[in-house]
**Q** 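First, the structure itself, so that you have it in front of you.
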Number of protein chains: 2
Amino acid sequence: MEQLWASPAALTVREVHEQLAGTRELAYTTVMTVLDRLAKKKLTERERDGKAWRYRAAAPREELAADLMRDALDRAGDRREALVRFVGQVSDEEAALLREALSKLDDQEQTG
Amino acid sequence: MEQLWASPAALTVREVHEQLAGTRELAYTTVMTVLDRLAKKKLTERERDGKAWRYRAAAPREELAADLMRDALDRAGDRREALVRFVGQVSDEEAALLREALSKLDDQEQTG
DNA sequence: TAGCATCTACTACGACACGTCGTAGATGGC
DNA sequence: GCCATCTACGACGTGTCGTAGTAGATGCTA
């Protein structure tokens with residue numbers, strides 16, 4: 001159900017439901033429950049819009065992924081070893097992206 | 001239950017159970033079930049040793065962590081963005097380890 | 001060879017997460 | 001005041017996890 005994340009703006013249950021209607025047949029309440037549970041897990045935020053709630057992703061997909069990567073790393077024991085293995089698994093392209101991200105980090109530290 | 005991974009060599013259910021007895025009171029069969037389920041998930045391998053099975057971690061903890069990091073990255077959508085956020089979350093020390101791992105990767109590529 | 005200890009296979013059960021949905025009640029426009 | 005809309009809450013099936021028990025196979029030992 002996390003593909004709701006593809007949507008950029010804050011959406012109401014109705015909107016999400018209609019948007020999903022093309023792909024899958026889901027009851028309105030199903031969408032509601034999911035959105036509600038995600039909100040309870042702080043994965044979405046919601047704000048009133050008249051009678052209805054309007055839901056927005058609390059963090060972009062990429063932030064979630066980064067969190068998960070962190071969690072995995074934290075349960076690693078030897079983090080150096082884990083990181084070595086990780087970069088060993090990664091594609092060349094991803095390694096390049098990683099390097100890029102690291103130098104971006106350098107820039108920030110120098111500037112900020 | 002994954003702390004069984006601390007053990008280096010292939011252990012029998014009895015051995016794991018006894019080793020755990022100091023810390024926690026677990027039924028023999030509990031240990032057995034866990035080991036068995038881990039084997040079904042390919043997280044342990046096992047080989048016969050007389051009547052008993054001898055279990056060994058299929059991969060070190062660090063490999064598991066690296067796998068999880070990969071999985072997280074794969075579900076990210078924009079991997080560049082995810083990696084940027086990841087290195088942004090990481091401690092200075094970990095960033096250094098990452099850089100180290102990446103240059104180790106370079107060496108390998110040049111040599112191998 | 002019979003018996004006892006040891007080990008495995010299989011089943012079970014409570015707790016929890018998830019995807020799915022329904023019912024009941026609140027809310028608000030006409 | 002009525003009807004459509006929306007939420008809150010509960011529920012059910014399935015799957016995983018931690019825990020454990022029972023039944024049956026296996027093998028040592030007297």
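Below, chain A is the first sequence line, B the second, and so on; all start at residue 1.
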**Q** If you go through the side-chain atoms of B/R48, does one of them form a donor-acceptor pair with the base of D/dT26 closer than 3.5 Å?
**A**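 There is none.
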**Q** In this structure, how many angstroms lie between the P atom of C/dA9 and the CH2 atom of B/W53, rounded?
**A**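 Whole-Å distance recorded here is 6 Å.
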**Q** Taking atom C1' of C/dT6 as reference, at what distance in whole Å does atom NE2 of B/H17 sit?
**A**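 Distance check: B/H17 NE2 to C/dT6 C1' gives 14 Å.
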**Q** The side chain of B/K51 lies closest to which of these nucleotides: D/dC6, D/dG27, D/dT7?
**A**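 The closest nucleotide is D/dG27.
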**Q** Rounded to whole Å, please give me the gap between CE in A/M32 and C1' in C/dC21.
**A**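 Spelled out: CE on A/M32 to C1' on C/dC21 is 11 Å.
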**Q** Does B/Y28 make a side-chain N or O approach to OP1 or OP2 of C/dT8 shorter than 4.0 Å?
**A**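 Checking C/dT8 against B/Y28, a side-chain N or O does come within under 4.0 Å of OP1 or OP2.
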**Q** So A/E94 and B/R79, do their side chains get closer than 4.5 Å, heavy atoms only?
**A**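 B/R79 vs A/E94: side chains touch.
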**Q** Can you tell me if A/R24 touches the phosphate of C/dT20, counting only side-chain N or O atoms and a distance under 4.0 Å to OP1 or OP2?
**A**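 Checking A/R24 against C/dT20: at least one side-chain N or O falls below 4.0 Å of OP1 or OP2.
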**Q** Report yes or no: does B/E15 contribute a side-chain atom to a donor-acceptor pair with the main-chain N or O of B/T12 at less than 3.5 Å?
**A**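 Checking the backbone N and O of B/T12 against the side chain of B/E15, a donor-acceptor pair under 3.5 Å is found.
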**Q** Does a side-chain N-to-carboxylate-O contact under 4.0 Å join A/R56 and A/E47?
**A**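 Here A/R56 pairs with A/E47 in a salt bridge, since their nearest N and O are under 4.0 Å apart.
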**Q** Could you say whether A/A27 or A/G50 is positioned toward the 5' end of DNA chain C, judged by the nucleotide with the nearest heavy atom to each?
**A**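 The residue whose closest nucleotide sits nearer the 5' end is A/A27.
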**Q** For a quick check of understanding: with a heavy-atom distance under 4.0 Å over all strands, which category does A/V13 fall into, base, sugar-phosphate or nothing?
**A**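 Contact class for A/V13: sugar-phosphate only.
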**Q** Counting side-chain heavy atoms from C-beta on, which of C/dC10, D/dG10, C/dT8 comes nearest to B/T33?
**A**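 The listed nucleotide nearest to B/T33's side chain is C/dC10.
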**Q** Under a 4.0 Å N-O cut-off, is there an ion pair linking B/R75 with B/D71?
**A**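 No, B/R75 and B/D71 are not salt-bridged.
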**Q** State whether B/R85 and A/E63 are salt-bridged, where the test is any N-O pair (Lys NZ or Arg NE/NH1/NH2 against Asp/Glu carboxylate O) under 4.0 Å.
**A**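 Result for this pair is yes, salt bridge flagged.
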**Q** Between A/K41 and C/dA17, is there a contact of a side-chain N or O with OP1 or OP2 at under 4.0 Å?
**A**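 Checking A/K41 against C/dA17: no side-chain N or O falls below 4.0 Å of OP1 or OP2.
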**Q** Nearest whole Å is fine: how far is C/dA9 P from B/L35 CG?
**A**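 After rounding, the gap between these two atoms is 12 Å.
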**Q** Counting side-chain heavy atoms from C-beta on, which of D/dC9, C/dC10, C/dG19 comes nearest to A/R37?
**A**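 The answer is C/dG19.
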**Q** If you define the side chain from C-beta out and look only at heavy atoms, does anything of A/L68 sit under 4.5 Å from B/L68?
**A**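 Not touching, per the 4.5 Å side-chain cut-off.
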**Q** Output the rounded distance in Å from CD (A/E25) to P (C/dT20).
**A**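 One finds 12 Å between P of C/dT20 and CD of A/E25, rounded.
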**Q** Could you tell me how far apart A/K40 (NZ) and D/dA8 (C1') are, to the nearest whole angstrom?
**A**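 One finds 8 Å between C1' of D/dA8 and NZ of A/K40, rounded.
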**Q** Quick one: is B/T30 getting a side-chain N or O under 4.0 Å of the D/dG18 phosphate, OP1 or OP2?
**A**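 It does not, given that no N or O in the side chain of B/T30 lies less than 4.0 Å from OP1 or OP2 of D/dG18.
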**Q** At 4.0 Å (heavy atoms only), tell me whether A/T12 reaches a base, stays on the sugar-phosphate, or touches nothing.
**A**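 Contact class for A/T12: none.
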**Q** Between C/dC7, C/dT20, D/dA8, which nucleotide has the shortest distance from any of its atoms to the side chain of A/D36?
**A**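 Among C/dC7, C/dT20, D/dA8, the one nearest the side chain of A/D36 is D/dA8.
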**Q** Output the rounded distance in Å from CG (B/L38) to P (C/dA9).
**A**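 It is 15 Å, rounded to the nearest whole Å.
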**Q** Atom CG of A/D49 to atom P of C/dT27: distance rounded to whole Å?
**A**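 Taking atom P of C/dT27 as the reference, CG of A/D49 is at 16 Å.
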**Q** Looking for any heavy atom pair under 4.0 Å, which part of the strands does B/R14 touch: base, sugar-phosphate only, or nothing?
**A**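 Sugar-phosphate, no base atom in range.
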**Q** I'd like to know if A/T29 reaches the base of C/dG22 with its side chain such that a donor and an acceptor end up less than 3.5 angstrom apart.
**A**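 Indeed, a donor on one side and an acceptor on the other fall under 3.5 Å apart.
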